[in-house]
There are 4 protein chains.
Amino acid sequence: MTQTEQPAQRPSRNGKGTSSKYEQILQSAGQLFLQQGYERTSMSQIAQLAGVSKGSLYNHFENKADLFTAFFEECSRTRLNTLKSVSQAPQPDLRTALEQAAATIISLMIDPEAIGLYRIVVAEANEFPNLADTLWHYGVSRTLTGLSEWFAEKHAAGQLIIKDIDLAAEQFLTMCQTRIIHRSRLSLPVDTSQASIDGVASMVADSFLRMYAP
Amino acid sequence: MTQTEQPAQRPSRNGKGTSSKYEQILQSAGQLFLQQGYERTSMSQIAQLAGVSKGSLYNHFENKADLFTAFFEECSRTRLNTLKSVSQAPQPDLRTALEQAAATIISLMIDPEAIGLYRIVVAEANEFPNLADTLWHYGVSRTLTGLSEWFAEKHAAGQLIIKDIDLAAEQFLTMCQTRIIHRSRLSLPVDTSQASIDGVASMVADSFLRMYAP
Amino acid sequence: MTQTEQPAQRPSRNGKGTSSKYEQILQSAGQLFLQQGYERTSMSQIAQLAGVSKGSLYNHFENKADLFTAFFEECSRTRLNTLKSVSQAPQPDLRTALEQAAATIISLMIDPEAIGLYRIVVAEANEFPNLADTLWHYGVSRTLTGLSEWFAEKHAAGQLIIKDIDLAAEQFLTMCQTRIIHRSRLSLPVDTSQASIDGVASMVADSFLRMYAP
Amino acid sequence: MTQTEQPAQRPSRNGKGTSSKYEQILQSAGQLFLQQGYERTSMSQIAQLAGVSKGSLYNHFENKADLFTAFFEECSRTRLNTLKSVSQAPQPDLRTALEQAAATIISLMIDPEAIGLYRIVVAEANEFPNLADTLWHYGVSRTLTGLSEWFAEKHAAGQLIIKDIDLAAEQFLTMCQTRIIHRSRLSLPVDTSQASIDGVASMVADSFLRMYAP
DNA sequence: AATGAATGAGAATTCATTCAT
DNA sequence: CATGAATGAATTCTCATTCAT
């Protein structure tokens with residue numbers, strides 16, 4: 001009912017080249033947790049989807065909470081990795097680069113898995129406090145750092161004038177959440193077409209430039 | 001197998017000053033739902049906290065889901081009402097007015113109950129789709145409308161130049177969520193002191209003016 | 001859970017000419033008991049169908065068992081009365097008279113209410129042992145007596161030669177249950193058209209005459 | 001709300017001579033269902049009588065209805081099997097053979113288990129419509145077929161003259177129910193001594209011969 | 001490691017009955 | 001008499017976890 005913190009021993013993947021039962025379970029658990037949330041997902045369901053026995057679950061994970069955190073960490077590491085790459089592609093035009101960065105962020109964050117992860121963290125914030133840490137660590141922090149470094153360069157180059165660079169990065173990220181991401185997280189009807197994303201991205205880039213252009 | 005008969009009656013509050021058992025239940029349910037979420041809260045817990053028998057719950061509400069939505073609507077109507085009043089107080093200085101509005105919004109949205117409501121909506125978005133509608137209706141919509149009207153006035157008065165007023169209102173509201181609200185929703189450590197709130201509010205006002213001042 | 005035997009005081013119907021609430025309840029209870037059986041029928045259902053409060057039920061009947069037996073007795077008295085009239089209509093031809101009596105019996109016994117009563121008696125034979133007495137008394141006994149008297153007359157008149165008249169009556173009644181009644185009681189598909197009934201009735205008359213005609 | 005997963009497995013009886021837990025449950029369930037009927041029998045009672053936990057019941061059967069039908073089918077197959085053997089023993093004298101067949105049928109059908117099965121089918125005819133099919137298939141059909149074949153032989157041999165053989169078989173079976181079976185099904189006081197059974201059987205044989213002897 | 005039957009605590013819900021008004 | 005909220009025991013069913021094989 002409450003989570004236990006000991007990370008289950010992670011057996012090295014067996015050398016036979018087949019994805020180990022460990023990962024099979026993790027993958028099935030993830031699918032269900034993301035769809036249904038922690039409480040509504042039962043160990044039986046996971047076992048069935050993974051094609052293993054209920055008992056096997058407990059050979060690999062101490063209990064449901066352990067399996068859950070294992071999934072979450074794996075998922076955060078794997079799925080949120082792409083966010084790091086934001087703003088890697090050099091663009092001659094700053095406005096275009098900002099717009100493109102915003103569009104990328106929005107697209108990544110309305111991905112069903114990202115939405116699912118966000119939901120699960122918010123839902124279980126009290127029961128599993130370190131979920132948020134993990135999400136922040138793998139998801140938000142990296143992006144913010146990436147943006148900060150980028151903005152610092154532009155500041156040094158005189159293309160932007162920013163006093164608090166970290167805050168500016170946070171602002172940029174926050175503004176990206178206008179309308180589309182915000183409504184997606186609530187499962188409210190929302191236009192997620194590329195055109196719609198580009199519209200918000202354009203607005204973000206414009207606003208950001210008004211705020212920080214020389 | 002057999003049909004259920006008694007439609008849950010919503011008795012008008014008795015005038016004797018004592019909150020009726022109906023509201024007693026609703027209040028207890030709310031407390032638990034906000035703390036623990038829907039799934040983790042059991043009807044037994046609610047009955048116990050409300051000081052009534054488990055059976056009594058079903059004299060007033062058809063089932064757990066019904067009790068939950070009843071709580072949520074009541075709560076949305078009552079608790080989120082205050083958001084309407086944002087920006088009602090006239091201020092000679094536009095910057096100060098914006099800053100104050102932002103500070104008010106931030107304060108209201110990091111209230112534990114508001115955070116709890118947000119969490120529950122995000123968590124149960126799939127199971128109870130109309131929760132988000134209710135939250136949006138009572139919480140977000142009103143605030144946006146209020147801001148839009150205000151900005152329209154300022155636009156008409158030449159103090160702001162805004163093309164898409166509704167989008168501007170959304171931007172303003174989104175920017176208010178930078179750092180403090182965002183982290184609060186994830187139960188991450190965050191400085192919620194007045195000074196911290198004012199800091200973000202000031203940043204929001206500044207940015208907004210840079211974006212839309214003539 | 002087990003029945004209590006005290007018959008509830010039967011208030012004389014109120015003189016206002018309107019069917020009393022007592023009978024209103026009895027009628028609704030009957031409808032539900034016959035459809036669903038004793039266990040599956042709840043006091044709430046009865047109250048709702050009768051349009052009275054649950055509490056009212058207990059003003060008129062001591063408990064569920066009492067209400068049930070009251071219904072059953074009333075029902076047996078009222079509904080099974082018609083069986084008495086079997087073989088009242090004089091017929092010049094004995095064969096025709098027998099056939100007609102058999103057809104009447106079959107028709108009466110496949111009536112949904114008769115089937116319902118039979119079912120309920122069989123189902124609750126252990127829990128309410130005197131149901132069977134009542135059914136026998138009001139339903140079977142009368143018919144048997146009627147048949148016995150009739151056969152006795154015919155025996156005296158030399159049209160039939162019967163040693164054990166009571167047994168003959170029972171035989172006649174039993175034979176009437178061939179196929180149609182038997183299958184109806186089990187809700188098995190069965191042809192209940194008049195032609196089908198007449199076919200069995202004819203067979204019964206024939207057989208009976210072979211058995212007892214001089 | 002969530003789907004159920006484990007289809008109840010029907011394990012083959014383990015060969016160790018001890019009845020498996022599956023059958024242990026089935027046997028206990030049967031005992032209670034036959035005594036008390038479906039509705040009055042609770043899963044807790046069954047678990048207790050079988051000496052297993054409540055949860056175990058659901059490892060073997062999907063739900064109460066599934067356990068019930070499983071019991072019923074098993075029971076019908078096992079218990080009603082003996083009815084098939086009616087009239088297998090050759091008898092030089094037709095009258096004696098008929099009498100003996102009737103006596104056998106009566107004895108089998110007033111067996112407490114047969115009575116219990118009949119009661120349960122009649123009681124649950126609406127809720128479990130295929131109970132009657134099962135009972136008819138395993139119980140009645142076989143007997144009728146057996147009788148029909150026998151009568152056909154006798155007809156071919158000129159010992160009986162029967163136009164509608166199937167109807168004759170039904171008549172024979174119906175007549176066997178006179179008095180003893182009929183009253184037993186209602187739990188009415190009845191003389192079930194061998195003498196009494198022989199009396200009815202004799203009457204049935206006599207009547208049948210009058211109806212169909214050359 | 002793998003299995004899957006077994007468990008017992010606890011979940012939601014129903015229901016006959018009572019009782020103050 | 002009539003009402004309907006209140007009750008608490010009982011019911012069906014779920015679920016995380018254990019353990020012998």
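Keep in mind that this is a model prediction, so the values were computed, not measured. Chain A is the first sequence line, chain B the second, and so forth, proteins listed ahead of strands; every chain is numbered from 1.
- Rounded to whole Å, the distance from OH on A/Tyr38 to P on F/dC15 is 13 Å.
- Projected onto DNA chain F by closest heavy-atom contact, D/Met43 and A/Tyr58 fall at different nucleotides, the more 5' of which corresponds to D/Met43.
- Rounded to whole Å, the distance from CG on A/Leu67 to P on F/dC15 is 15 Å.
- F/dT12 atom C1' lies 15 Å from atom CD of C/Glu39, rounded to whole Å.
- To the nearest angstrom, P of F/dA10 lies 17 Å from CD1 of D/Ile46.
- With sequence neighbours excluded, the residues satisfying side-chain contact (heavy atoms from CB on, under 4.5 Å) with D/Asn126 are C/Arg119, C/Ser187.
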For DNA chain F, what string of dots and brackets results from 5' to 3' when Watson-Crick and G-U pairs need both distances under 3.5 Å, crossing pairs get [ ], and pairs with another strand get |? .||||||||||||||||||||

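- Look at D/His60 and you won't find any side-chain N or O under 4.0 angstrom from OP1 or OP2 of E/dG4.
- Between C/Glu62 atom CD and E/dT17 atom P there is a gap of 10 Å when expressed in whole angstrom units.
- B/Phe61 has its CZ atom 15 Å from the P atom of E/dA12, to the nearest Å.
- For B/Asn63, the listed nucleotide lying nearest its side chain is E/dT13; candidates were E/dT18, E/dT13, F/dT17.
- Residues D/Leu26 and D/Phe61 are in side-chain contact: their nearest non-hydrogen atoms beyond the backbone lie under 4.5 Å apart.
- Residues passing the side-chain contact (heavy atoms from CB on, under 4.5 Å) test with D/Ser53 are D/Ser56, sequence neighbours excluded.
- Remark: B/Ser28 engages no residue in a side chain to side chain donor-acceptor pair (under 3.5 Å) (not counting sequence neighbours).
- C/Gln31 CD to C/Thr41 OG1: the interatomic distance, rounded to the nearest 0.5 Å, is 10.0 Å.
- A straight line from CG of B/Asp66 to C1' of E/dA12 spans 14 Å, rounded to a whole angstrom.
- With DNA chain E read from its 5' end, the first of the two nearest nucleotides for B/Thr41 and C/Thr41 is the one closest to B/Thr41.
- Among residues two or more places apart in sequence or in another chain, the salt bridge (charged side-chain N to carboxylate O under 4.0 Å, His left out) test is passed with C/Glu113 by C/Arg79.
- For C/Ala29, the side-chain contact (heavy atoms from CB on, under 4.5 Å) test picks out C/Phe33, C/Ile46, C/Leu67, with sequence neighbours left out.
- With sequence neighbours excluded, the residues forming a side chain to side chain donor-acceptor pair (under 3.5 Å) with A/Tyr118 are B/Tyr118, listed by chain and number.
- In terms of the ring-ring contact (aromatic ring centres under 6.0 Å, His included) criterion, residue partners of D/Phe128 (sequence neighbours excluded) are, by chain and number, D/Tyr38, D/Phe68.
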Would you tabulate the nitrogen or oxygen pairs shorter than 3.5 Å linking the protein to nucleotides 7-9 of chain E?
| unit_1 | atom_1 | unit_2 | atom_2 | d |
| --- | --- | --- | --- | --- |
| E/dT7 | OP2 | D/Ser53 | N | 3.0 |
| E/dT7 | OP2 | D/Ser53 | OG | 3.4 |
| E/dT7 | OP2 | D/Ser56 | OG | 3.0 |

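- Whole-Å rounding puts the A/Gln48 CD to E/dG4 C1' distance at 14 Å.
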